[in-house]
**Student:** 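One structure, as structure tokens, below. Some questions next.
Below, chains carry the letters A, B, ... as their sequence lines are ordered, and counting in each starts from 1. Worth saying up front: this structure is predicted, and the values here are computed from it rather than measured.
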Amino acid sequence: MATAASARSRDFYEMDTSVVRTTRRSNFPNFARHYDAPERKWEVEVVQALARLVKMPAGWDSYNAPQIKRDAGHFALEILQAIMRARTPVPQVVPSAEGGVQLEWHEKGIDLELHVTAPYQWELWFRDLQEPNAEPTSLELTDDFSALKRPISLLTTR
Amino acid sequence: MNTTPLPAGSQAATRPKDLPNFERPPLNEVVLSIQFATLEKLKSVHIGLLWARFRTQYPDVTEQATINAEFEIFGAPPQPGPRIKFEQLLAPPMPRYWFEKSGKPDLLQVQQDRIIHNWRKHEDEPIYPRYETVRDRFRAEVDQFVSFLDDEKLGELRPNQCEVTYTNIIELEDSESVHDRLPEITSLWTSRLSEPLIDMDFENISIGLQLKMLEAGKPVGRVHVSFQPAVRTSDPSKQVIKLDITARGRPKQETPESAFDFLDLGRRAVVKTFAAVTTPSLHSMWGRTDGNGS
Amino acid sequence: MPPDVDDGSIADDADLLRRIHPEQVVDDKNLGKTRPSSAAFKDPTMSVDAEPILHHYRLDWTFSLRGHSGYSLARFRAGAAREKGLAVIHKPESNNPAHTEVIGKKTGSIAKHLATVSTWAHLESQ
């Protein structure tokens, strides 16, 4: 469960003589990780790619591209951590000329691109090539990830 | 106590009249946090200059590990298991700095992408001064921080996530095993099992829930609630319940003004949730005065 | 500084050359080939070299890669940019007479279009 726990002055609880300490939680975290959590090998690959991209200096594209923003990389990873399933193909991780990060899949007849420029500022472009008459989907997104359900489902199950 | 004054022309916050009100809430800590776009130009070398603006109020400075950025998202199921943060593969960022005065309840925390104000229950201020007072203190500090960033040309403060956390310590008299009395604390737990558990006894019970904050039916943030058992280090035989309630979400605009609007919204959500997940009998004990308690 | 007005001096059928960083070369299994990512075409004031002008100065595509080893070079028609509402404006520089800018906001669709119609003038081995 996400909390502000790290922000709180836990040391205050330790140092104060009237302090409280939390007893150990017994919710079997190891059991949950091995039994229920999806494979996360993709995570290592993507994290390494992001770390590589944010280290590139300004002008990396030989023109005027700014450095890839750490925040954009971080949010790109958040997106993937929310949507990736065990058999979802690993995306290609590409730096953009605007200093953002683009996650791309071009396989199984699916064309999916997620361009992240900052936290909560990203764009989705999606086309299912097996529906040639369907128009591509192009959306500017913030905190609602529901538009990704169908493309990711197709990528994972096709 | 010395506090950073509010900027000229700004108004102190006032308590909304429709909120549950308690004369003696079991509050132990309140945290107001604003996360913002990373200020890449803000380095450790600048912290001394920033601290100079708060030195009278906070003469003590310490370094801490950074807190990871958090984002509330919707439309995707929560993923279990630990998650890698790619910052782990980068050069260590600027640490998080604590500005405080030994023995005093207020703490100001600053890192490259977050500014946080903590109020902690302390013998110097055992009575909670109320959200409005803590908020005003924090607002003055944020305004000072913005002014510092502008003067030193370190970038613009662009908040992208805000967080309000209330930590409560709930104690019951004559309680060696708080689990037996959990139904007196929260209606979320009834202790009623479908079948008896022979030769087994409850050892620990933790309750966690998440609620979506809605505005016109659309999610604008999330409230995280956690009941956890705890013990006093001064008296380990005495069990208590730690109730953490955090409201977190994105401000409507990436401005300090909008960030404080969300903090106000988050505070409402936290207080209403607190009243909803605790029992009327405890409300009486805590001196509920808004007419909705028993 | 010349104004940002597309005077048509770069013809629609003129080829434009854009350098592509190695990290922007993607594998498109649907098309069965490697191509530039649309991310390479997102700069609102996107610099390119106009190939006819290079030829006028007895240069060729290798000029665009001079001093940029490791980069690939994508080629697309000026008309492909204009059909998406972008301006193609010749802006010569002291060390590059062929320098041109493709100006305008490049949405995902527009950048995708440019990436898809591009061919390789030079593809660096990956």
Side-chain angles (χ1 to χ4, degrees), chain A residues 48-57 59-66 68 72 76 89-117 122-130 132 135-141 154-155 158, chain C residues 16-49 63-74 84 91 93 96 99-103 105-116 122 124 126:
Chain A
Q48 286 175 340
L50 288 171
R52 198 171 61 238
L53 297 187
V54 301
K55 287 177 188 169
M56 297 195 300
W60 54 269
D61 69 342
S62 78
Y63 298 109
N64 295 315
I68 304 304
V90 183
Q92 299 178 74
V93 182
V94 182
S96 85
E98 289 185 287
V101 170
Q102 181 150 293
L103 308 169
E104 309 189 21
W105 293 262
H106 309 292
E107 55 190 288
K108 302 184 182 182
I110 299 292
D111 231 342
L112 175 62
E113 297 179 0
L114 310 175
H115 181 220
V116 182
T117 48
W122 54 301
E123 204 182 340
L124 171 150
W125 193 95
F126 164 64
R127 186 165 194 177
D128 183 352
L129 299 173
Q130 290 188 5
E135 285 294 314
T137 301
S138 183
L139 295 169
E140 290 186 4
L141 299 171
L154 290 173
L155 268 172
R158 191 173 275 179
Chain C
L16 305 176
L17 301 169
R18 173 129 173 114
R19 285 188 294 275
I20 305 294
H21 188 278
E23 296 274 7
Q24 294 180 316
V25 176
V26 295
D27 182 27
D28 192 326
K29 292 186 177 116
N30 294 325
L31 297 177
K33 64 178 185 179
T34 309
R35 61 165 176 78
S37 165
S38 63
F41 299 95
K42 294 222 155 124
D43 188 345
T45 51
M46 187 169 72
S47 284
V48 294
D49 292 340
F63 174 84
S64 298
L65 286 179
R66 214 173 285 182
H68 298 288
S69 69
Y71 286 74
S72 301
L73 196 66
K84 294 297 179 183
K91 288 193 175 179
E93 295 175 337
N96 183 0
H99 180 255
T100 299
E101 286 181 357
V102 180
I103 294 176
K105 180 172 163 63
K106 291 150 189 86
T107 62
S109 293
I110 291 174
K112 183 74 177 176
H113 169 72
L114 295 176
T116 309
H122 170 73
E124 191 74 11
Q126 303 296 299

**Student:** Which answer fits T45(C), side chain, backbone, both or neither, if we ask what part of it has an atom under 4.5 Å from a heavy atom of chain A?
**Tutor:** neither

**Student:** Under a plain distance cut-off of 3.5 Å, with no hydrogens placed, do E104(A) and H106(A) share a side-chain donor-acceptor pair?
**Tutor:** yes

**Student:** With a 4.5 angstrom heavy-atom cut-off, is it the side chain or the backbone of W60(A) that approaches chain C, or both, or neither?
**Tutor:** both

**Student:** Heavy-atom distances under 4.5 Å only: say whether S138(A) touches chain C with side chain, backbone, both or neither.
**Tutor:** side chain

**Student:** Please flag which part of K112(C) lies under 4.5 Å from any non-hydrogen atom of chain A: side chain, backbone, both or neither.
**Tutor:**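 Contact with chain A involves the side chain of K112(C) alone.
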
**Student:** Please check: side-chain N/O of R19(C) versus main-chain N/O of Y71(C), any donor-acceptor pairing under 3.5 Å?
**Tutor:**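 The answer is no, because no donor-acceptor pair under 3.5 Å joins these two groups.
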
**Student:** Give a yes or no on whether the backbone of D27(C) and the side-chain of Q92(A) come within a donor-acceptor separation of less than 3.5 Å.
**Tutor:**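 Yes; at least one donor-acceptor contact below 3.5 Å.
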
**Student:** Let me know if I110(A) has heavy atoms under 4.5 Å from chain C in its side chain, its backbone, both or neither.
**Tutor:** backbone

**Student:** Tell me, for R127(A) versus chain C, whether the close heavy atoms (under 4.5 Å) come from the side chain, the backbone, both or neither.
**Tutor:**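 Contact with chain C is absent: no heavy atom of R127(A) under 4.5 Å.
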
**Student:** Under a 4.0 Å N-O cut-off, is there an ion pair linking D61(A) with K42(C)?
**Tutor:** no

**Student:** Just give me the residue among G67(C), A111(C), G108(C) that pairs up with chain A most often, heavy atom to heavy atom, under 4.5 Å.
**Tutor:** G108(C)

**Student:** Given 3.5 Å as the limit, does a donor-acceptor pair link the side chain of W125(A) with the main chain of P136(A), or not?
**Tutor:**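 It does not hold such a pair.
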
**Student:** Pick whichever of S96(A), S62(A), A97(A) has the most heavy-atom pairs under 4.5 Å with chain C.
**Tutor:**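 Between S96(A), S62(A), A97(A), the count favours S62(A).
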
**Student:** More than 12 heavy atoms of other residues, nucleotides or ligands under 6.0 Å from CG of N30(C): yes or no?
**Tutor:** yes

**Student:** Please determine, among G99(A), G100(A), P95(A), the option with the most heavy-atom pairs under 4.5 Å with chain C.
**Tutor:** P95(A)

**Student:** If you count heavy-atom pairs under 4.5 Å with chain C, which of D111(A), L124(A), L129(A) comes out on top?
**Tutor:**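 With the most close heavy-atom pairs to chain C, the winner is D111(A).
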
**Student:** Quick check: does any side chain N or O of H115(A) sit under 3.5 Å from a backbone N or O of Q102(A), one acting as donor and the other as acceptor?
**Tutor:** no

